[in-house]
Amino acid sequence: MANERENPPADVEEDVLAWIESFATVWESQQGKRMDGRVLGLLLISSEPYLAATDIARILNASAGAVSMATRALVSVGFITRHTVPGDRRHYFRAEDDVWGTFLLGEREYLRRLIGVFGNGLALDAGAAPGPRTRLRNADRYMRWLQEYHRKMAEDWREYRDQLQKEEEG
């Protein structure tokens, strides 16, 4: 077919498939969806610059719908990015080179939204009662503290990552 990539990815070795499943099991143990973990695991270990959703489904022996839901979820939190290829209508994906650093930055939006929710709770009559007010204030304070600490963590992570890279190269 004219729109397909010239070199679709080769079949994945059994040991790599086992690693993908191991990654997905750990992902799932932390309340992630197993299919999200399988897709991310594949994209982390793939040497291809990007994979089409159809290739992901074939390699993982998964349905197109399951891959679509997983890629949508992973894109929304910044673990993977979607790519287009001129003349090809298929969807392509790749893992970010610094998935975890990208995730750390993405958590900021989540924290901002939680701070808003806790503020709304404190504004309610129910939020003025002593027990709820204490719990909501502590939640709000924790999220604000964590939000500020995230900035420092992101800076520290980049310094640490870059220093290790320099050491490996030199």
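We number each residue from 1, following the sequence as shown. Below, each value reflects all heavy atoms present in this structure, side chains not excepted, and no hydrogens, waters or symmetry copies.
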Would one find more than 12 heavy atoms of other residues, nucleotides or ligands at under 6.0 Å from atom [atom1] of [X]?
X	atom1	value
Gln165	CD	yes
Asp125	CG	no
Met153	CE	yes

Charged N-O contact under 4.0 Å between [X] and [Y]:
X	Y	value
Asp162	Arg158	no
Glu21	Arg38	yes
Arg112	Glu109	yes
Arg151	Glu148	yes

Does any donor atom in the side chain of [X] or [Y] lie under 3.5 Å from an acceptor atom in the other side chain?
X	Y	result
Glu167	Gln163	yes
Thr25	Arg34	yes
Ser68	Arg72	yes
Tyr142	Arg144	no
Thr81	Arg94	no

Under 4.5 Å between side-chain heavy atoms, counting indirect links through other Ile/Leu/Val/Met/Phe/Trp/Tyr residues: same cluster for [X] and [Y] or not?
X	Y	value
Leu136	Tyr110	yes
Leu43	Trp100	yes
Ile20	Met69	no
Val16	Val67	yes
Leu114	Leu124	no

Before giving the answer on side chain to side chain contact (heavy atoms under 4.5 Å, CB included), spell out for Tyr92 and Thr84 the whole-Å C-alpha distance, their side-chain angles and the decisive distance to 0.1 Å.
CA-CA 6 Å; Tyr92 292 89; Thr84 58; over 6 Å; no
Side chain to side chain contact (heavy atoms under 4.5 Å, CB included) between Thr71 and His91, worked out:
CA-CA 10 Å; Thr71 55; His91 299 167; over 6 Å; no
Side-chain (Ser22) to main-chain (Ala18) donor-acceptor, under 3.5 angstrom
no
Would you name the heavy atoms of [X] and [Y] that are closest together and state the gap between them?
X	Y	result
Ala66	Met35	O-CG, 3.7 Å
Leu17	Ile59	CD2-O, 3.9 Å
Ala24	Gly37	CB-C, 3.8 Å
Arg108	Ala154	NH2-CB, 3.8 Å

Would a 4.5 Å heavy-atom cut-off, applied to side chains only, mark [X] and [Y] as touching?
X	Y	result
Leu44	Leu40	yes
Phe23	Ile45	no
Phe93	Ile56	yes
Asp140	Met143	no
Gln147	Ile115	yes

In sequence, state the C-alpha distance, the side-chain angles, and the governing distance for Glu96 and Ile80, and then conclude on side chain to side chain contact (heavy atoms under 4.5 Å, CB included).
CA-CA 6 Å; Glu96 291 296 319; Ile80 66 174; over 6 Å; no
Parallel, tilted or perpendicular: rings of Phe79 and Trp27 (30°, 60°):
perpendicular
Please test Arg133 against Leu122 for side chain to side chain contact (heavy atoms under 4.5 Å, CB included), starting from the C-alpha separation and ending with a verdict.
CA-CA 6 Å; Arg133 185 156 191 80; Leu122 285 164; 3.6 Å; yes
Got a second to check how far Leu51's CG is from His83's NE2, nearest 0.5 Å?
11.0 Å
